[in-house]
Amino acid sequence: MHIGIVGLGKMGANMRDRLRANGITVTGFDRNPVISDVNGLAELIATLPSPRVVWVMVPAGVVTDVVIAELSTLLSAGDLVIDGGNSRFTDDFAHSALLATTGVHYIDAGVSGGVWGRTNGFGLMVGGSADQVKRAMPVFDALRPAGPRDESFVHAGGVGAGHYAKMVHNGIEYALMQSYAEGYELLEKRDDLITDVPGVFKAWQRGTVVRSWLLELLVRALDEDPDLANIEGFVEDSGEGRWTIEEAISNAVPVPTISAAIFARFVSRQDDSPAMKAVAALRNQFGGHAVKTAD
Ligand SMILES: O=C(CO)[C@H](O)[C@H](O)COP(=O)(O)O
């Protein structure tokens, strides 16, 4: 099988390597000519055998919109586009509808595994029609870890279901990370009592109820920098957590833990919270409680 990949960033380049290592021929296109196999999207499409399969691995939102729009002018009836980026599931409906106008098929694929996926394999959750998912199965099998398919791959439903599942996956990811992080702060706070914080996390890796890959990654981070002295407490987000909460609100599903995790990220970006200034001012107004004044 020979497929095209559009976007050879951290994820796309690793996927190209893993696919090639597992017997799939891959031609990759990236705007960066140093890493691209071809000079443009049109050349990529011309290189692929018909009916073509093109895996899109570019940032969600406008960049994906532009790539899908361009592909819709270059591809023909019977070709297949797989969006493996972290697109919002609602974008899948528009992308599949646009491609369908020229008879091009569409699958959305949530991909998990990060930069480790090249060697460990990627977890996959896909949405689309059964016949197109079957057609792309050699690609999915090459990307996922060895072992039972249903432990690393799911055909979650129709178009949008793959990215919906990935959105929920990332919401869970936010909450798990936040939970380990709060435990880290509690342990670290009592340095009069706990003398080996990295050692506590290390010892939780085998046999405990809270063992996990995220915990192992925290152990790795603490091995590299035991006090996290070289990292600022500032955390970005790329959208999946916000969409999770928006979806929860739309469906009246309570997600207090995931919500707290994303709001903790927002707090991390503030030097001096206007809201907490207001709370301090109010305590001062009604109770005469002291406020800490700006220098
Ligand atoms: O999908 C991922 C992991 O599963 C990506 O690493 C994603 O960027 C994580 O989300 P955020 O950037 O919002 O923390």
Given the rule that I, L, V, M, F, W and Y join up when any side-chain heavy atoms are under 4.5 Å apart, are [X] and [Y] in one cluster?
X: Leu19; Y: Met137; answer: yes
X: Leu186; Y: Val210; answer: no
X: Val6; Y: Leu98; answer: yes
X: Tyr180; Y: Val267; answer: no
X: Val67; Y: Met11; answer: no

Quick one: does [X]'s side chain have a donor or acceptor within less than 3.5 Å of a partner on [Y]'s backbone?
X: Ser268; Y: Val235; value: yes
X: His105; Y: Ser129; value: no
X: Asp30; Y: Gly7; value: no
X: Ser36; Y: Asn32; value: no

> Should Val111 and Met15 be marked as a side chain to side chain contact (heavy atoms under 4.5 Å, CB included) after you check the CA-CA gap, both sets of side-chain angles, and the distance that decides it?
Replying inline: CA-CA 10 Å; Val111 179; Met15 292 168 87; 4.2 Å; yes
Is it true that [Y] and [X] share a donor-acceptor pair across their side chains at a distance under 3.5 Å?
X: Ser87; Y: Asp83; answer: yes
X: Lys166; Y: Asn170; answer: yes
X: His95; Y: Asp65; answer: yes
X: His169; Y: Ser112; answer: yes
X: Tyr106; Y: Gln132; answer: no
X: Thr27; Y: His2; answer: yes

Heavy atoms only: give me the nearest [X]-[Y] pair and the separation to one decimal.
X: Ala248; Y: Val255; value: CB-CG2, 3.4 Å
X: Pro145; Y: Ser152; value: CD-CB, 3.5 Å
X: Ala136; Y: Ile107; value: CB-CD1, 4.2 Å
X: Ala264; Y: Gln178; value: CB-NE2, 3.4 Å
X: Gly128; Y: Asp108; value: N-OD1, 4.5 Å
X: Ser259; Y: Ile245; value: CA-CD1, 3.7 Å

Taking the side chain as every heavy atom from C-beta outward, state whether [X] and [Y] have any atom pair closer than 4.5 Å.
X: Leu8; Y: Phe29; answer: no
X: Phe140; Y: Val133; answer: yes
X: Ile262; Y: Asp237; answer: yes
X: Phe89; Y: Met167; answer: yes
X: Phe153; Y: Val126; answer: yes
X: Arg135; Y: Leu80; answer: yes
X: Glu216; Y: Gln205; answer: yes
X: Asn14; Y: Trp116; answer: no

With a cut-off of 3.5 Å and sequence neighbours excluded, list every side-chain donor-acceptor pair involving residues 45-63.
| from | atom 1 | to | atom 2 | distance (Å) |
| --- | --- | --- | --- | --- |
| Thr47 | OG1 | Glu43 | O | 2.6 |
| Arg52 | NE | Ile45 | O | 3.1 |
| Arg52 | NH1 | Asp79 | OD2 | 2.6 |

>> side chain to side chain contact (heavy atoms under 4.5 Å, CB included) for Tyr184 and Leu222? Distances and angles first, verdict last.
In response: CA-CA 10 Å; Tyr184 169 75; Leu222 291 170; 3.7 Å; yes
What distance separates [X] [atom1] from [Y] [atom2], expressed to the nearest 0.5 Å?
X: Glu247; Y: Ile258; atom1: CD; atom2: CD1; value: 12.0 Å
X: Leu71; Y: Leu41; atom1: CG; atom2: CG; value: 5.0 Å
X: Ile5; Y: Arg20; atom1: CD1; atom2: CZ; value: 8.0 Å
X: Ile172; Y: Leu214; atom1: CD1; atom2: CG; value: 11.0 Å
X: Arg220; Y: Asp225; atom1: CZ; atom2: CG; value: 13.0 Å
X: Leu143; Y: Asn22; atom1: CG; atom2: CG; value: 8.0 Å

> Is the CZ atom of Arg31 crowded by more than 12 outside heavy atoms at less than 6.0 Å?
Replying inline: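 It does not: Arg31 CZ has 12 such atoms or fewer within range.
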>> Looking at Glu224, I'd like to know if its CD atom is crowded, meaning that more than 12 non-hydrogen atoms belonging to other residues, nucleotides or ligands lie closer than 6.0 Å.
In response: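 Counting other residues, nucleotides and ligands, CD of Glu224 exceeds 12 neighbours.
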> Of the options Arg149, Arg18, Lys134, which is the one that meets Asp141 in a salt bridge (charged side-chain N to carboxylate O under 4.0 Å, His left out)?
Replying inline: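 Result for salt bridge (charged side-chain N to carboxylate O under 4.0 Å, His left out) with Asp141: Arg149.
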>> If you apply the rule side chain to side chain contact (heavy atoms under 4.5 Å, CB included), what do you find for Leu218 with Trp213, and how did you get there?
In response: CA-CA 9 Å; Leu218 182 54; Trp213 189 53; over 6 Å; no
>> As a quick check of understanding, evaluate side chain to side chain contact (heavy atoms under 4.5 Å, CB included) for Arg16 and Asp37, giving each step before the final call.
In response: CA-CA 11 Å; Arg16 176 176 61 175; Asp37 300 322; 3.1 Å; yes
>> Between the side chains of Arg88 and Glu246, is the shortest nitrogen-to-carboxylate-oxygen separation below 4.0 Å, so that they form an ion pair?
In response: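 Salt bridge present between Glu246 and Arg88.
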> Could you give all pairs that pass the side-chain hydrogen bond (donor to acceptor under 3.5 Å, both in side chains) test and reach residues 279-288, with sequence neighbours left out?
Replying inline: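 Sorted result for residues 279-288: empty, none.
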>> On the six-membered ring of Tyr174, is Arg265 placed so that its NZ or CZ lies under 6.0 angstrom from the centre and within 45° of the ring axis?
In response: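 Because its charged atom sits under 6.0 Å from the ring centre and within 45° of the axis, Arg265 does stack over Tyr174.
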Would you list the atom pairs, donor with acceptor, under 3.5 Å between side chains in residues 191-201 and any protein atom, with sequence neighbours excluded?
| from | atom 1 | to | atom 2 | distance (Å) |
| --- | --- | --- | --- | --- |
| Asp192 | OD1 | Arg190 | NE | 2.8 |
| Asp192 | OD2 | Arg190 | NE | 3.3 |
| Asp192 | OD2 | Arg190 | NH2 | 3.0 |
| Asp196 | OD1 | Gly199 | N | 2.8 |

